[in-house]
Amino acid sequence: MHLDRTDFALLRLLRKNARLPNKDLAARVGVAPSTALERVRRLREAGVLQGFHAEVAPSAVGIGLQAMVAVRLARHSRPQVEAIHAHLLSLPEVLCLYHVAGADDFLVHVGVRDSNHLRDFAMSALTSREEVAHIQTHLIFAFSRNPELPVYAQAGED
């Protein structure tokens, strides 16, 4: 899908506030409300917009500690990679999962009640798995999401 400046403007605004009413969205971009509505629909159907999310305060749902756990696999066969990927996504403590290149294979952002919960999670969900060779845990002191979306012009665009 080719994106133009109007599409980029819509994406930037929706990244900052996905609840922005269509009328306001259209006014800020400088198009008719029907145009904004159609463009957002087209962006969703094309998979450019993959969803709309609510940012929840971790402490409000009992998360007292967050960590980034680097996971290194014992072997890199497709079945093992797919098995650990599916396993990790099935766990309620896993907030985000990144399959990465480099010394580690996955970075797992977890939210737990406390340090005992983190220890139990690491032991039962990670080190007990045959796919896992090594883990390294990094505590997260603060988490912030940048509301700005770095939108890069497509090839051939100014």
Side-chain angles (χ1 to χ4, degrees), residues 1-73 76-112 118 121 125-126 131-132 135-158:
M1 175 179 181
H2 177 76
L3 303 178
D4 63 17
R5 290 177 190 202
T6 301
D7 294 324
F8 286 137
L10 290 167
L11 292 172
R12 283 187 188 98
L13 288 168
L14 289 170
R15 170 72 178 190
K16 288 181 185 177
N17 181 1
R19 293 180 48 110
L20 194 63
N22 185 65
K23 184 178 177 181
D24 295 344
L25 187 63
R28 291 185 189 184
V29 175
V31 297
S34 60
T35 301
L37 191 62
E38 175 59 25
R39 289 214 181 209
V40 170
R41 182 196 60 77
R42 189 173 46 100
L43 291 166
R44 271 196 328 265
E45 287 177 357
V48 175
L49 281 173
Q50 296 180 339
F52 299 90
H53 309 279
E55 195 72 42
V56 177
S59 61
V61 293
I63 295 173
L65 182 66
Q66 293 181 61
M68 190 66 74
V69 182
V71 177
R72 191 171 306 149
L73 299 181
H76 294 91
S77 69
R78 182 175 296 275
Q80 283 199 337
V81 170
E82 290 173 353
I84 194 70
H85 186 268
H87 169 68
L88 291 169
L89 285 179
S90 74
L91 302 170
E93 294 90 350
V94 174
L95 303 176
C96 292
L97 176 62
Y98 304 91
H99 185 190
V100 298
D104 298 309
D105 299 295
F106 289 95
L107 294 177
V108 187
H109 180 185
V110 299
V112 293
L118 179 60
F121 171 82
L126 299 173
E131 302 97 338
V132 176
I135 67 168
Q136 184 172 2
T137 303
H138 304 271
L139 296 181
I140 298 173
F141 294 130
F143 168 80
S144 301
R145 184 183 314 277
N146 185 351
E148 294 295 327
L149 177 66
V151 178
Y152 306 105
Q154 292 179 341
E157 242 186 68
D158 294 333

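No experiment lies behind these values; they were computed from the predicted model shown.
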- Task: Answer yes or no: is there a side-chain heavy-atom contact under 4.5 Å between Leu20 and Arg28?
- Result: yes
- Task: Drop me the distance from Asn17's CG to Asp24's CG, to the nearest 0.5 angstrom.
- Result: 9.0 Å
- Note on the structure: Rounding to 0.5 Å, atoms NE2 (His85) and NE2 (His99) come to a distance of 8.0 Å
- Separation between CE (Met68) and SG (Cys96), nearest 0.5 Å, reads 7.5 Å
- Message: Is any side-chain heavy atom of Leu25 closer than 4.5 Å to one of Leu37?
- Response: no
- Message: Would the distance check show the side chain of His87 and the main-chain N or O of Ala125 forming a donor-acceptor pair, the cut-off being under 3.5 Å?
- Response: yes
- Task: Output, in order, the C-alpha distance, side-chain angles, deciding distance and verdict of side-chain contact (heavy atoms from CB on, under 4.5 Å) for Arg39 and Val31.
- Result: CA-CA 10 Å; Arg39 289 214 181 209; Val31 297; 5.8 Å; no
- Query: Any side-chain heavy-atom pair from Ile63 and Leu95 closer than 4.5 angstrom?
  - Reply: yes
- Provide the full list of salt bridge (Lys or Arg N to Asp or Glu O under 4.0 Å) pairs with a residue in residues 76-103, sequence neighbours left out, each pair given once. Arg78-Glu82
- Task: Nearest 0.5 Å please: distance from the CZ atom of Phe121 over to the CD1 atom of Ile135.
- Result: 8.5 Å
- Message: Is there a side-chain contact between Leu43 and Leu3 in this structure, where contact means two heavy atoms from C-beta onward sitting under 4.5 Å apart?
- Response: yes
- Between Asp105 and Arg72, is the closest basic N to carboxylate O distance under 4.0 Å? no
- Task: Answer yes or no: are there more than 12 heavy-atom neighbours, outside Phe143 itself, under 6.0 Å from its atom CZ?
- Result: yes
- Query: Is the shortest heavy-atom distance from the side chain of Leu73 to the side chain of Phe106 under 4.5 Å?
  - Reply: yes
- Task: Give, for atom CD of Gln66 and atom CG of Leu139, the distance between the pair rounded to the nearest 0.5 Å.
- Result: 10.5 Å
- Query: Any idea which heavy atoms bring Ala67 and Ile140 closest together, and the distance?
  - Reply: C-CD1, 3.6 Å
- Message: Donor-acceptor pair, distance only, cut-off 3.5 Å: does the side chain of Arg19 make one with the backbone of Ala54?
- Response: no
- Heavy-atom nearest pair, Pro33 first then Asn22, reads O-ND2, 2.9 Å
- Show the numbers, then the answer: is there a side-chain contact (heavy atoms from CB on, under 4.5 Å) between Leu91 and Val108? CA-CA 11 Å; Leu91 302 170; Val108 187; over 6 Å; no
- Query: Looking at residues at least two apart in the chain, or sitting in another chain, which of them share a salt bridge (charged side-chain N to carboxylate O under 4.0 Å, His left out) with Arg42?
  - Reply: Asp7
- Query: Below 4.5 Å, heavy atoms only, C-beta onward: do Arg44 and Gln50 meet side chain to side chain?
  - Reply: no
